[in-house]
Amino acid sequence: QKEVEQDPGPLSVPEGAIVSLNCTYSNSAFQYFMWYRQYSRKGPELLMYTYSSGNKEDGRFTAQVDKSSKYISLFIRDSQPSDSATYLCAMSPNDYKLSFGAGTTVTVRA
Amino acid sequence: DAGVTQSPTHLIKTRGQHVTLRCSPISGHKSVSWYQQVLGQGPQFIFQYYEKEERGRGNFPDRFSARQFPNYSSELNVNALLLGDSALYLCASSGQENTIYFGEGSWLTVV
């Protein structure tokens, strides 16, 4: 079993829809949780960072962490074609060694 | 402010050769990490350096080595290249706020 599980998709939604992404994990020591966006052949771009449990909102993005269920989510409201990318969840017990999911490929149709 | 910069962006090597990849962290960041990303997978942790000391190492063979310089830049070295080493090599830097930022990566193709 992988330490971090993420549905690879692909996920296709119409423009303006809510995109819902999630990851599950097995290591209860994880306390730093991040979401990255990666465009084709580019490096990952940090979208959201959360420490421990709770919700965090930044513009159209909302990140949720439920440590009791070992489950994290990312929601993208009012999705745009420019949101089409691969989304990676990442988590860590400390502040440096990240464990990543495999990434979910999202396409937003105009 | 410049982000994390990596060089070269693309390179092709032959099996058995050696490769050196370079990284400059964000100004003020003292921690540098290296990750390997194979196509279709998430990045895998290779090394982390903080203040020139190795702080962590992932499950990679001894052919992989790295170092950090006094100016906090870093090099990743891979010896005796295998076809399976073909991947995107990512450098990341982090500061006191514990957020981790990645560069655009170095695409390595081993033929």
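The model shown is predicted, which means the values in this text are computed figures rather than measured ones. All chains are named by letter (A, B, ...) in the order of the sequence lines, taking the proteins before the strands, and each is independently numbered beginning at 1.
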Just give me the residue among G56(B), P43(B), G42(B) that pairs up with chain A most often, heavy atom to heavy atom, under 4.5 Å.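 So the answer, after comparing G56(B), P43(B), G42(B), is P43(B).
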
Heavy-atom count check: over 12 atoms from other residues, nucleotides or ligands less than 6.0 Å from [X] [atom1]?
| X | atom1 | answer |
| --- | --- | --- |
| I18(A) | CD1 | no |
| N71(B) | CG | yes |
| K52(B) | NZ | yes |
| R15(B) | CZ | no |

Quick one: what part of Q44(B) sits under 4.5 Å from any heavy atom of chain A, side chain, backbone, both or neither? neither

Any side-chain to backbone donor/acceptor pair from Y101(B) onto P44(A)? Under 3.5 Å, distance only. no

When you measure from the side chain of E104(B) to the backbone of G43(A), do you find a donor-acceptor pair of N or O atoms at a distance under 3.5 Å? yes

Between [X] and chain B, which part of the residue has a heavy atom less than 4.5 Å away: side chain, backbone, both or neither?
| X | value |
| --- | --- |
| Q38(A) | side chain |
| L88(A) | side chain |
| Y51(A) | neither |

Exercise: identify the closest heavy-atom pair between K42(A) and L88(B):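 Closest pair (atom of K42(A), atom of L88(B), distance): O-CD2, 4.1 Å.
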
Is there a path of hydrophobic side-chain contacts, each under 4.5 Å between heavy atoms of I, L, V, M, F, W or Y residues, that connects [X] with [Y]?
| X | Y | answer |
| --- | --- | --- |
| L21(A) | V65(A) | yes |
| F75(A) | Y36(A) | no |
| Y87(A) | V19(A) | yes |
| F60(B) | L81(B) | yes |

Before you tell me yes or no, could you show the steps for Y35(B) and L98(A) under side chain to side chain contact (heavy atoms under 4.5 Å, CB included), namely the whole-Å CA-CA distance, both residues' side-chain angles and the distance that decides it to 0.1 Å? CA-CA 9 Å; Y35(B) 290 77; L98(A) 293 177; 3.4 Å; yes

Can you check whether T99(B) reaches L46(A) side chain to side chain, under 4.5 Å on heavy atoms?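 Contact flag for T99(B)/L46(A) side chains = yes.
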
Apply side chain to side chain contact (heavy atoms under 4.5 Å, CB included) to residues F102(B) and E45(A) and explain how you reach the verdict. CA-CA 7 Å; F102(B) 285 84; E45(A) 173 193 6; over 6 Å; no

